[in-house]
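Working notes, structure below.
Note that this is a predicted model, so its numbers are computed, not measured.
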Amino acid sequence: MRSNRSFSQPLLWSSLCLAMMLVMLGLALAPRLALAQETVAPSGPTIEIGERVISDNEIRSRIQKIFREIEGLNRIFVSVSSGVVTLNGQVEEATLARKAEDLVSRVAGVVAIENRLTEQTAVTERLKPVIGRFETRLQQSLDYLPLLLVAGLVWLLIGAVGWFVTTRKQPWDWLTPNAFIADLLRQTVWLAFLMFGALMALDILGATAVLGTILGAVGIIGLAIGFAVKDTVENYIASILLSVRQPFQPRDFIALEGMEGFVIRLTSRATILMDVDGNHIRIPNATVFKANIVNYSRNPERRFLFELGIDAGSVLHEALAVCHDTLDGLGFVLRHPEPGAWIEKVGDSNVLIGVSGWINQTETDFIKARSEAIRTVKTALEHAGFALPEPIYRLRFDNAVPVPATGPSKPGAKPDAGRKPAATITPVPESQPADAEPTEQVTDTGVDEAVLKKVDDERQQEPGGDLLSTNGKDELGERPVV
């Protein structure tokens with residue numbers, strides 16, 4: 001039983017291999033079998049040679065005359081017997097064999113056709129029709145060469161006119177004050193000139209139908225590229241809209257998406273900032289266009305705000321007057337709008353007072369002014385006798401028995417054995433009024449030019465890579481403050 005199974009397996013594999021070889025042989029011989037067809041009946045309209053009875057010689061003579069007039073069929077041997085036409089010989093291509101059979105089928109008197117034509121396999125013979133077609137097309141190109149030169153000259157002439165028009169400053173700077181939009185408009189107009197020149201050139205060549213095919217292909221390719229670079233296209237469109245709206249200017253201090261910094265430039269892809277530490281921040285324009293932008297530099301006047309806590313038993317209106325008068329006496333604080341002081345809220349052990357003042361950002365640094373205002377107001381309150389207490393906490397125990405306070409243990413002392421350590425309550429001393437006069441203002445509150453100088457250096461490295469305009473109008477119709 002084991003020997004029969006081992007014998008049947010090689011036989012099965014041999015049968016499969018033989019079947020595959022027969023299939024491959026059939027595919028290889030398919031073109032030749034198509035040429036050597038069985039006798040078929042003629043079909044289609046006939047080529048009449050007279051009303052009388054047609055002899056075999058007349059049929060053969062008629063077919064040979066037809067074949068002599070057609071290139072590639074002049075070496076076919078024709079024999080006719082009882083209206084049955086036999087074709088022998090070789091043809092250079094299979095299409096010529098089918099063409100010869102079609103012509104014979106249309107000759108009157110043909111009863112059947114026996115096609116014994118074979119396809120030429122010699123390399124030199126097979127290359128003859130290819131070389132002939134190449135020579136024909138080369139000759140046609142040479143004949144069309146003067147027309148091609150005229151069409152190309154027309155295209156270049158129209159393109160040169162478009163280049164001359166779009167490289168002028170006017171009327172593009174008059175149409176739009178934004179340099180980026182003006183440049184984009186110039187490129188669009190020049191592209192329109194080039195397309196018009198191509199249309200005229202194709203019209204001269206009589207091939208305007210090709211333009212529709214080219215535009216369709218370009219549209220499909222553009223759609224595919226658009227999906228592939230969707231984010232890049234979105235950022236580019238956002239850069240156009242931002243350059244038109246101008247929501248900020250170079251050197252403006254803005255905040256967006258949780259980041260703050262000075263504006264360096266707006267490119268076609270991203271907005272570049274520099275934070276107060278000198279670090280670069282690059283934000284995609286699509287994100288900038290959709291974000292909530294806080295521009296601290298658009299209005300030169302800016303308000304600073306802080307809170308101070310005084311003792312709950314203080315005379316509040318006097319404390320408010322001290323805060324107001326102190327801020328009013330600082331040179332960097334504006335008189336209009338005037339500084340303010342108000343009671344913010346009552347805390348656990350103090351009363352919080354809110355204090356605010358306005359400064360001119362072009363002359364005063366915001367952080368320095370706020371710091372100096374806090375120092376000066378705190379000193380003035382302490383000099384006026386107002387205490388600025390720290391938070392006081394009260395401890396309550398469940399058994400309502402207070403734990404006596406213990407002083408701080410000496411270094412190296414050990415607690416008594418068997419005695420649990422008691423809770424320590426340390427009284428918090430309240431701030432005492434200062435006897436000294438409030439110190440004079442000594443801190444410089446001028447604008448810090450360190451970061452702004454770095455921003456200017458960055459802008460000088462690429463003077464032409466900014467889409468922001470320093471002399472145009474913003475989205476509110478106002479000119480930027482420089």
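A 6.0 Å sphere centred on CG of Leu148 holds more than 12 heavy atoms belonging to other residues, nucleotides or ligands. Residue-environment remark: CZ (Arg269) stays at or below the threshold of 12 foreign heavy atoms within 6.0 Å. Surrounding CH2 of Trp342 are more than 12 heavy atoms belonging to other residues, nucleotides or ligands, all under 6.0 Å away.
Nearest heavy atoms, Phe386 versus Ser314: CD2-CB, 3.6 Å. Contact record, Asn350 with Pro389: CB-CG, 4.0 Å, taken as the closest heavy-atom pair. The two residues Leu468 and Phe248 come nearest to each other via the heavy atoms CD2-O, 3.5 Å. Nearest heavy atom pair, residue Ile343 against residue Leu316, reads CD1-CD1, 3.4 Å. Closest heavy-atom contact between Leu327 and Pro339: CB-CB, 3.7 Å. Residues Ala201 and Ala151 share a closest heavy-atom pair of CB-O, 3.5 Å.
The shortest side-chain heavy-atom distance between Asn285 and Thr271 falls under the 4.5 Å cut-off. By the 4.5 Å heavy-atom criterion applied to side chains, Met259 and Asp275 are not counted as neighbours. Side-chain atoms of Leu330 and Thr376, non-hydrogen and from C-beta on, do get closer than 4.5 Å to each other. Inter-residue side-chain proximity for Asn299 and Gln361 is flagged as unmet; no heavy-atom pair is nearer than 4.5 Å. Here the side chains of His280 and Ile264 are in contact, with some heavy-atom distance below 4.5 Å. Looking at heavy atoms from C-beta onward, Trp155 lies out of side-chain contact with Met200 at the 4.5 angstrom threshold. Using a 4.5 Å cut-off on side-chain heavy atoms (C-beta onward), Glu344 and Ile353 make no contact. For the pair Asn295 and Ser297, the minimum side-chain heavy-atom distance is below 4.5 Å.
Atom NE2 in His324 sits 9.0 Å away from atom OG in Ser356 (nearest 0.5 Å). How far CD of Glu301 is from OG1 of Thr362: 9.5 Å, rounded to the nearest 0.5 Å. Note that OH of Tyr296 and CZ of Phe366 are 8.5 Å apart. Values are rounded to the nearest 0.5 Å. Separating the CG atom in Leu308 from the CG atom in Leu388 is a distance of 6.0 Å, to the nearest 0.5 Å. Distance check, rounded to the nearest 0.5 Å: CG of Leu157 to CZ of Phe193 gives 11.0 Å. Annotation: the span from Leu256 atom CG to Asn292 atom CG amounts to 9.5 Å, rounded to 0.5 Å.
In this structure, the side chain of Trp190 engages the main chain of Gly159 through a donor-acceptor pair within 3.5 Å. Although no hydrogens or angles enter the test, the distance criterion places a donor-acceptor pair under 3.5 Å between the side chain of Asp252 and the main chain of Gln249. A distance-only check finds a donor-acceptor pair linking the side chain of Thr326 to the backbone of Val322 [under 3.5 Å]. Within the 3.5 Å criterion, the main-chain N or O of Ser243 finds a donor-acceptor partner in the side chain of Gln246. Between the Arg265 side chain and the Glu458 main chain, a donor and an acceptor come within less than 3.5 Å of each other. Put simply, the side chain of Asp277 never gets that close to the backbone of Asn279: no donor and acceptor are under 3.5 Å apart.
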Do Asn235 and Ser268 pass the side chain to side chain donor-acceptor pair (under 3.5 Å) test, and can you show the C-alpha distance, the side-chain angles, and the key distance before you say yes or no?
CA-CA 7 Å; Asn235 289 327; Ser268 60; over 6 Å; no

Could you walk me through whether Leu273 and Ile283 satisfy the side chain to side chain contact (heavy atoms under 4.5 Å, CB included) test, starting with their C-alpha distance in whole Å, then the side-chain angles of each, then the deciding distance to 0.1 Å, before giving a yes or no?
CA-CA 8 Å; Leu273 308 179; Ile283 308 174; 4.0 Å; yes

Run the side chain to side chain contact (heavy atoms under 4.5 Å, CB included) test on Phe289 and Ile237 for me, step by step, so that the C-alpha distance in whole Å, both residues' side-chain angles and the decisive distance to 0.1 Å come before the verdict.
CA-CA 10 Å; Phe289 183 75; Ile237 295 175; over 6 Å; no

Which is it for Lys290 and Glu257 under the salt bridge (charged side-chain N to carboxylate O under 4.0 Å, His left out) test, yes or no, and what are the steps along the way?
CA-CA 10 Å; Lys290 294 181 287 188; Glu257 294 296 318; over 6 Å; no

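Between Asp457 and Lys453 there is a salt bridge, with a side-chain nitrogen of the basic residue lying less than 4.0 Å from a carboxylate oxygen of the acidic one. Electrostatic pairing of Glu382 and Lys378 counts as a salt bridge here, judged by a charged N lying under 4.0 Å from a carboxylate O.
Under the salt bridge (charged side-chain N to carboxylate O under 4.0 Å, His left out) criterion, Asp328 pairs with Arg335, sequence neighbours left out. With sequence neighbours excluded, the residues forming a ring-ring contact (aromatic ring centres under 6.0 Å, His included) with Phe262 are Phe253, listed by chain and number. Evaluation of the side-chain hydrogen bond (donor to acceptor under 3.5 Å, both in side chains) rule for Thr95 yields Glu93 as partners, not counting sequence neighbours.
Applying salt bridge (Lys or Arg N to Asp or Glu O under 4.0 Å) to Glu372 and the options Arg370, Lys368, Arg375 leaves one that passes, Arg375.
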